[in-house]
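Only one structure is covered here, and it is reproduced in the block below.
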Amino acid sequence: MDLKGFDQPGGSAGETRSVKVMIAGGFGTGKTTMVRSVSDIKPLTTEETLTQASADVDHLIGVADKTQTTVSLDFGKIGINESLVLYLFGTPGQERFWFLWNGLFKGALGAVVLVDTRRLESSFRAIEEMERLEVPFVVALNVFPDSRNYPVEEIRDALDIPEHTPVVAFDARDRASSRDVLVALIHHLKERSAVALEPR
């Protein structure tokens, strides 16, 4: 896909631009999996084992097989083309770690919000945070093996996503699929005004 021209106003031709992108979403929606699958480098993760002590806090309904969770951030990097590199920052999913979000989002140009269609409610707060922080985002529906195939517009209505916000289905385990989501975000940012292209 042609992404040339995605540069800062006044930027020099031929320069490589680095962009900070957030990977957000509810608990167990696949954020760490996406960063791992798409990163060009070995990603930095801050996963810890779930213990019985967190049973009353980290509700595992729908993700009973989950044994680890991100407690700070995930970090990866991907070169989209010769002139654009994305630095990926995966957020913690549990609300008890969301106090970290304000700092993590500083300087982010945009975000991907992961949604598990089996548990839509797990990503409500993440979408609300994107709107509160005024971060442009795309919604990525992570297709799990037992996910039902809902029409995208039905999901859009259920999540109350505006028409101008892209909603795409993908598989967080697949590098090409995850990359396509990031490309969709870049195109979404390109379609926005020049003001939206300024880092926050």
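Small disclaimer: the values here were computed from a predicted structure and weren't measured. Nothing fancy with the numbering, it's 1 onward along the sequence.
- The same ILVMFWY cluster, assembled from side-chain heavy atoms under 4.5 Å apart, contains both I78 and L84.
- Taking every heavy atom of both residues into account, T29 and D116 meet most closely at CG2-N, 4.0 Å.
- Placement of F144 and V139 in two distinct hydrophobic clusters is found when ILVMFWY residues are connected by side-chain heavy-atom separations under 4.5 Å, directly or transitively.
- Counting only residues at least two apart or on different chains, the side chain to side chain donor-acceptor pair (under 3.5 Å) pairs with a member in residues 155-169 are E153-R156.
- With sequence neighbours left out, S123 forms a side-chain hydrogen bond (donor to acceptor under 3.5 Å, both in side chains) with no residue at all.
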Worked verdict on L88 versus F75 for side chain to side chain contact (heavy atoms under 4.5 Å, CB included): CA-CA 5 Å; L88 310 176; F75 174 77; over 6 Å; no

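- What you find for R119 and G28 is that their closest heavy atoms are NH2-O, 3.2 Å.
- Residues satisfying the side chain to side chain contact (heavy atoms under 4.5 Å, CB included) test with V35, not counting sequence neighbours, are I23, P43, D74.
- Between L86 atom CG and R179 atom CZ the span is 9.0 Å, to the nearest 0.5 Å.
- At least one side-chain heavy atom of V112 sits less than 4.5 Å from a side-chain heavy atom of L114.
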Working for side chain to side chain contact (heavy atoms under 4.5 Å, CB included), residues T16 and E82: CA-CA 7 Å; T16 298; E82 67 280 359; over 6 Å; no

Walk me through it: do V135 and F105 pass the test side chain to side chain contact (heavy atoms under 4.5 Å, CB included)? CA-CA 8 Å; V135 175; F105 273 82; 3.8 Å; yes

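- Formation of a donor-acceptor pair under 3.5 Å by the S177 side chain with backbone atoms of D171 is found in this model.
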Between V167 and L141, is a side chain to side chain contact (heavy atoms under 4.5 Å, CB included) present by the stated rule, with each step listed? CA-CA 7 Å; V167 178; L141 310 177; 3.9 Å; yes

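- For D40, the salt bridge (Lys or Arg N to Asp or Glu O under 4.0 Å) test picks out R175, with sequence neighbours left out.
- Here I127 contributes atom CD1 and R132 contributes atom CZ; the two are 15.0 Å apart, rounded to the nearest 0.5 Å.
- Of the possible donor and acceptor atoms, none in the side chain of K77 sits under 3.5 Å from a partner among the backbone N and O of K42.
- Under a hydrophobic clustering in which Ile, Leu, Val, Met, Phe, Trp and Tyr are joined whenever their side-chain heavy atoms come within less than 4.5 Å, directly or via other members, M34 and I186 fall into the same cluster.
- The main-chain N or O of V115 is never found under 3.5 Å from a side-chain atom of N142 such that the two would form a donor-acceptor pair.
- Follow the hydrophobic side-chain contacts under 4.5 Å out from V138 and you reach L109 in the same cluster.
- Summarising the geometry of L189 relative to P136, their closest heavy-atom pair is CD2-CB, 3.5 Å, with the distance given to 0.1 Å.
- Within a 6.0 Å sphere centred on CG of D146, other residues, nucleotides and ligands contribute more than 12 heavy atoms.
- A 4.5 Å side-chain heavy-atom check between V183 and V181 finds every atom pair outside the cut-off.
- Evaluation of the ring-ring contact (aromatic ring centres under 6.0 Å, His included) rule for F170 yields no partner, not counting sequence neighbours.
- Taking each heavy atom of T117 and S147 in turn, the nearest pair found is OG1-CB, 3.8 Å.
- Although no hydrogens or angles enter the test, the distance criterion places no donor-acceptor pair under 3.5 Å between the side chain of R36 and the main chain of R173.
- Contact detail for G25 and V113: the closest heavy-atom pair is CA-CG1, 4.4 Å.
- Judged purely by atom type and a 3.5 angstrom limit, K20 uses its side chain to pair as donor or acceptor with the backbone of L104.
- In the hydrophobic clustering of ILVMFWY residues, with side-chain heavy atoms under 4.5 Å counting as a link, F124 and M130 come out together.
- Heavy atoms only, all atoms of each residue included: S37 and D174 are closest at OG-O, 4.0 Å.
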